[in-house]
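First the structure, in the form of structure tokens, and then the observations on it.
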Protein chains: 2
Amino acid sequence: MQAVSRPPETTPSAHDRVYRGLRTRIMHGQIAPGQALTLRGLGKEFEVSMTPAREAVQRLVAEGALSMSSSGRVSTPELSNERIEELAALRALIEVELASRALPRAHMALIDRLQTINTAISDVVSNRDAVGYIRTNLEFHRTLYLRAQAPAMLAMCETVWLQLGPTMRALYGRLRRTEAPQYHRLIIAALKAGDEPGLRLAVRSDVTQGLRMLAG
Amino acid sequence: MQAVSRPPETTPSAHDRVYRGLRTRIMHGQIAPGQALTLRGLGKEFEVSMTPAREAVQRLVAEGALSMSSSGRVSTPELSNERIEELAALRALIEVELASRALPRAHMALIDRLQTINTAISDVVSNRDAVGYIRTNLEFHRTLYLRAQAPAMLAMCETVWLQLGPTMRALYGRLRRTEAPQYHRLIIAALKAGDEPGLRLAVRSDVTQGLRMLAG
DNA sequence: CATCCCGTAATGTGATCACAAACCGCCGCT
DNA sequence: AGCGGCGGTTTGTGATCACATTACGGGATG
């Protein structure tokens, strides 16, 4: 995530700090499904009043990252199997398209960075670090998709990741895998070969693989 | 939009009223691109204080339905051609999938309703009613996609519609069409025949057709 | 006549407060 | 021991306020 240019350097607003903090926590699976959150608690934790905390929470609820009961209480959602299947299908649809759009722009420097990230994934996997695995895995995908130059699609994609965050925690915390995802190697190989059908299949497989066993 | 069961009948909160009111306005193209909005103005219009107005606006900004300047001023976005192309591609991806999932569940009653809506589209088109056209057209699509039983996908789809709302207003207000969309007939025919490839093609064509001339 | 500058009005932000609803644990009853 | 009602406490909601920042206008100056 290099920030090459940093023109304005404005201080982020309070609700943005809370929003971003919560968002990465959720996306990286640092919060278990069903975990309850309170506005005053969040406000105290981020050292702001209830107002910014409320805005951040409302926004995350709107994005499906948090669920709100009829009385207004918020918690991380516990997804049904049907919803997990839907979200996995959305990941497949959007990420295959993003990868396909990134392929013509994927030069050697990008592939090198992907390979570096992939070895980092092996490290966190051997350390049994579920959160680190999710974070590094998403970084692999985002690095590739950034080359697609499709910000609207990438935003949609990240929204889906966000919704799956707590569920992925439950998944990867449960199964104790010992190897890096094999489909990442297929993705890199397809990128090197300029093989678009192979890339689409590899991305689709990588996305579907993990979620299938959870929803199944 | 029939509400078959209405169990709790709770009074919607103030920020929800503002949110929904603004949302349908934007999605139906009742606000031109670049139109500015103020919190106090919205609060006065919906007879609430600034707090609920702010929450509604923030949520719409998060969904991409409104854009916020660095100083916090909000307005409907003026989309670049690249972004329009992206959103059209997203519509194509998601709506083709939704239609495909709806196909096995599409019985005669659904097809009848779609035909009824389609004749309504002819009416509003002959009346040169751009807003009515957008609303009825979206109702056609939503009626079909509801049968897919895929709420997460439908929500994503509506988010894309929302982002395209002001732009569609500019588009359909400009070109003065005199006929109902021909691809809707193809969609209905493919539904009747159970022709999945034909349905996918028809939906993709219908979605892409309108936006192409705007972004081109 | 154009341009720059400054003051006033308007706007977003965040804190605080009052209120109502919901949750939770305790106590008494059966 | 199980269960239902009840009160205190927690929690979300919305209004209001003070403040900083910005946008916008007129007027003076070159």
Side-chain angles (χ1 to χ4, degrees), chain A residues 6-26 31-78 166, chain B residues 6-26 31-78 166:
Chain A
R6 191 176 307 204
E9 186 67 31
T10 77
T11 302
S13 55
H15 79 261
D16 238 38
R17 282 193 302 116
V18 181
Y19 169 74
R20 270 195 253 275
L22 265 181
R23 182 178 199 266
T24 62
R25 259 192 235 177
I26 296 170
I31 308 184
Q35 181 83 230
L37 300 174
T38 65
L39 297 187
R40 288 173 176 86
L42 291 172
K44 184 163 189 180
E45 180 173 359
F46 287 91
E47 294 176 341
V48 294
S49 82
M50 293 172 53
T51 312
R54 235 174 102 189
E55 290 173 1
V57 163
Q58 292 250 3
R59 181 165 170 183
L60 288 164
V61 168
E63 299 180 71
L66 294 174
S67 68
M68 175 175 284
S69 77
S70 61
S71 66
R73 254 80 164 188
V74 295
S75 58
T76 50
E78 312 185 68
Chain B
R6 190 176 308 202
E9 186 67 34
T10 76
T11 303
S13 57
H15 78 261
D16 238 39
R17 282 193 302 114
V18 181
Y19 170 74
R20 270 194 254 274
L22 265 180
R23 182 179 200 265
T24 63
R25 259 192 235 175
I26 295 170
I31 309 183
Q35 181 82 231
L37 300 174
T38 66
L39 297 186
R40 287 172 175 86
L42 290 172
K44 185 163 189 179
E45 182 174 356
F46 286 92
E47 293 176 340
V48 295
S49 81
M50 293 172 53
T51 313
R54 236 174 102 189
E55 290 174 1
V57 163
Q58 292 250 3
R59 180 166 171 183
L60 288 164
V61 168
E63 297 181 72
L66 293 174
S67 67
M68 174 174 286
S69 78
S70 60
S71 66
R73 254 78 164 190
V74 295
S75 59
T76 50
E78 311 184 70

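Every chain is numbered from 1, with letters handed out A, B, ... down the list of sequences. From a predicted model like this one, the values you see are computed outputs, not experimental measurements.
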Calculate the interatomic distance between [X] atom [atom1] and [N] atom [atom2]; express it in whole Å.
| X | N | atom1 | atom2 | result |
| --- | --- | --- | --- | --- |
| A/Leu42 | D/dT10 | CG | C1' | 15 Å |
| A/Met50 | D/dA15 | CE | C1' | 13 Å |
| A/Asp16 | C/dT13 | CG | P | 10 Å |
| A/Lys44 | D/dT10 | NZ | P | 12 Å |
| B/Met68 | C/dG12 | CE | C1' | 8 Å |

Point-to-point distance, once rounded to the nearest 0.5 Å, from [atom1] of [X] to [atom2] of [Y]:
| X | Y | atom1 | atom2 | answer |
| --- | --- | --- | --- | --- |
| A/Arg59 | A/Leu66 | CZ | CG | 12.5 Å |
| B/Tyr19 | B/Glu63 | OH | CD | 3.5 Å |
| B/Leu22 | B/Leu60 | CG | CG | 6.0 Å |
| B/Leu39 | B/Glu55 | CG | CD | 11.0 Å |
| B/His15 | A/Arg54 | NE2 | CZ | 7.5 Å |

Does OP1 or OP2 of [N] have a side-chain N or O of [X] closer than 4.0 Å?
| X | N | answer |
| --- | --- | --- |
| A/Ser71 | D/dT11 | no |
| A/Ser49 | C/dA15 | yes |
| B/His15 | D/dT13 | no |

- Query: Looking only at heavy atoms, what is the nearest atom pair of A/Leu42 and A/Ala53, with distance?
  - Reply: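 Distance-wise, the nearest heavy atoms are CB-CB, 4.3 Å.
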- Closest non-hydrogen atom pair, B/Gly64 against B/Pro77: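 It is O-CG, 4.2 Å.
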- Message: What contact category does B/Ser13 fall into here, base, sugar-phosphate, or nothing, at under 4.0 angstrom with non-hydrogen atoms?
- Response: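 Contact class for B/Ser13: sugar-phosphate only.
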- Item | A/Glu55 or A/Arg73, whichever maps to the more 5' nucleotide of DNA chain C |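 Its nearest nucleotide being more 5', the pick is A/Glu55.
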- Members of residues 31-40 of chain A that approach DNA chain D, where some heavy atom sits under 4.0 Å away: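 Those residues whose heavy atoms fall under 4.0 Å from DNA chain D, taken from residues 31-40 of chain A in numerical order, are A/Leu37, A/Thr38, A/Leu39, A/Arg40.
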- Query: Can you find a donor-acceptor pair, distance only, under 3.5 Å between A/Arg54 side chain and D/dG14 base?
  - Reply: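 Side chain to base: pair found, below 3.5 Å.
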